[in-house]
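What follows is a single structure, written as structure tokens, with notes after it.
Below, all heavy atoms of this structure are taken into account, side chains as well, without hydrogens, waters or symmetry copies.
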Amino acid sequence: MDRLRIEGQHILRGEVPLSGSKNAALPILISALLCKGKTVFHRVPNLSDIETTCQLLKILGCHVEWAHSTQTCHVDATHLNSIEAPYDLVRTMRASILVLAPLLARHGEAKVSLPGGCAIGTRPVDYHIQVLEALGATFDLEGGYVHGKIKGAFRPAEYTFPFPSVGATETALMAAATANGKSLFKNVAREPEIRALGNFLISLGAKIKGLGSPEIQVQGIPMANLNTKPAAHTIIPDRIEAATYWLAGLITKGSVTTEIAAEDVQSVLDALHLAGAKISHLGNGKIEVSYTGKINPVSVRTEPFPGFPTDVQAQWMALMTQANGAATIAETIFENRFMHVPELQRLGAHLKIRGNRVDVSGVTPLQGATVMATDLRASASLVIAALAAKGETNIRRIYHLDRGYEDLCGKLRLLGAHIIREPESSQ
Ligand code: UD1
């Protein structure tokens with residue numbers, strides 16, 4: 001197992017290239033199961049979650065060729081030969097539940113182990129099941145597996161989500177894309193990754209209106225008529241990666257530029273502006289975030305898009321340890337998403353958990369220590385804190401970072417960080 005060694009207090013400056021969005025790539029690669037043919041995906045990030053997805057597609061019968069050097073992934077889903085997503089794969093990546101809808105569309109039957117993934121709360125899959133039931137599927141729970149069946153094709157339906165779940169909205173879109181008629185989904189997720197999946201399904205022939213709004217209409221087309229010609233799709237850049245590098249730059253009193261659509265990260269840019277950062281739109285989609293001599297305390301509350309993303313909550317907490325005063329961070333999307341708190345405290349952060357809120361008192365001088373990465377974004381917050389800490393920080397269990405940050409070390413070094421990755425046994 002590898003660890004990261006970070007010597008803090010070096011200023012980060014420069015431009016960082018973004019990888020393709022993990023959360024867009026996962027559902028889109030999985031939706032290639034709907035195409036009885038070949039699809040080529042560009043800007044596919046080199047992440048362990050993508051590796052897991054490719055393995056899952058192969059187990060289901062796809063031929064997959066993923067070239068890391070060109071960030072290109074070819075998926076040929078002409079012949080599928082399994083209905084089952086096994087426990088050993090699914091437990092490592094919760095998004096595996098997304099294979100339910102395309103497998104039901106292709107085989108009329110699907111068996112998916114109940115998912116694992118990040119240890120952040122209970123994370124049930126009931127909305128996925130409910131929306132698929134509305135579209136005509138039936139389910140049993142057998143030995144830890146969700147076993148779904150459908151007679152014939154999905155049928156069009158109207159369904160209102162109890163909560164705008166990202167994954168369940170993706171399930172709904174994939175299923176309804178193959179229903180013979182018009183479906184209407186209300187209170188859907190509005191994240192840019194939903195728009196990206198919708199656009200891919202449109203390229204296959206589905207007619208989808210309302211992407212990015214709380215209501216989506218899908219005019220599906222029967223499986224046999226879905227585009228079977230080779231299709232191509234480029235994954236959108238990763239907005240969470242962009243936010244992570246901006247925060248990393250700011251905490252070191254530096255300046256980081258990335259290329260990303262401002263509307264995909266507006267809530268983070270608004271919070272950064274309130275925190276005193278200078279936001280410069282440099283043209284060509286490039287956005288520079290620079291330190292201006294102070295970091296103001298800014299309280300945030302995570303919300304579904306376009307609100308402040310839960311996937312930036314932990315990193316924001318790290319930044320707020322260096323703000324000039326007290327801020328409160330409220331987590332409303334997931335339970336138990338404060339696993340970074342005790343680790344940040346090991347670095348000297350003054351944090352107090354009150355239910356779903358954490359009070360952060362800044363400015364706290366952070367001091368390097370050995371800490372443990374616990375989930376993906378929690379790990380990113382430890383990296384950000386370590387960049388501001390005096391002395392050396394060792395971050396262990398960094399395989400969590402490999403799930404969601406491509407070449408984190410290389411990108412941070414490019415910006416001037418003193419960071420190395422080495423086997424945990426090294427001195
Ligand atoms: C996706 C993202 C994840 C992000 C999250 C919220 C991917 C691969 N992952 O996760 O990085 O943090 O959106 O922006 O895209 N819920 C239920 N029942 C369900 C589904 C969800 O109760 O069937 C609850 C969850 O427990 C959670 C909330 O709804 O409390 C939001 O979950 P959801 O939006 O579905 O997140 P994911 O799709 O798992």
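Arg357 is linked by a side chain to side chain contact (heavy atoms under 4.5 Å, CB included) to Arg301, Thr328, Ala330, Arg354, counting only residues two or more places apart in sequence or in another chain. Residues satisfying the side chain to side chain donor-acceptor pair (under 3.5 Å) criterion with Thr302, sequence neighbours excluded, are Glu331.
Between Tyr159 and Tyr127, the ring centre distance reaches or exceeds 6.0 Å.
None of Thr39, Ile235, Ile50, Val64 except one satisfies the side chain to side chain contact (heavy atoms under 4.5 Å, CB included) rule with Cys73; the exception is Val64.
Side chain of Arg106 to backbone of Ala77: a donor-acceptor contact under 3.5 angstrom is found. Put simply, the side chain of Thr364 never gets that close to the backbone of Gly348: no donor and acceptor are under 3.5 Å apart. Side chain of Ser183 to main chain of Ala157: a donor-acceptor pair is present (N/O by atom type, distance under 3.5 Å, no hydrogens or angles). The closest donor-acceptor contact from the side chain of Ser280 to the backbone of Leu282 lies at 3.5 Å or more, if one exists at all. Not one N or O on the side chain of Asp140 forms a donor-acceptor pair closer than 3.5 Å with the backbone of His147. Between the side chain of Thr178 and the backbone N or O of Ala105, no donor-acceptor pair lies under 3.5 Å. Distance alone, capped at 3.5 Å, is enough to place a donor-acceptor pair between the Glu424 side chain and the Arg397 backbone. Looking only at distances, no side-chain donor or acceptor of Thr257 sits under 3.5 Å from a matching main-chain atom of Glu15. Glu259 places no side-chain N or O within 3.5 Å of a backbone atom of Gly285 that could act as its donor or acceptor partner. Looking at His107, its side chain does come within 3.5 Å of a backbone N or O of Ser82 through a donor-acceptor pair.
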**Message:** What verdict does the salt bridge (charged side-chain N to carboxylate O under 4.0 Å, His left out) test give for Asp311 and Arg337, after you've listed the backbone C-alpha separation in whole Å, the side-chain angles of each residue and the deciding distance to 0.1 Å?
**Reply:** CA-CA 10 Å; Asp311 286 351; Arg337 204 176 193 179; 2.9 Å; yes

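For NE2 of His68, the number of neighbouring non-hydrogen atoms (other residues, nucleotides, ligands) closer than 6.0 Å is greater than 12.
For His128 and Thr171, the side-chain atoms include at least one donor-acceptor pair closer than 3.5 Å.
Salt-bridge check for Asp49 with Lys22: passed, with a basic side-chain N closer than 4.0 Å to an acidic carboxylate O.
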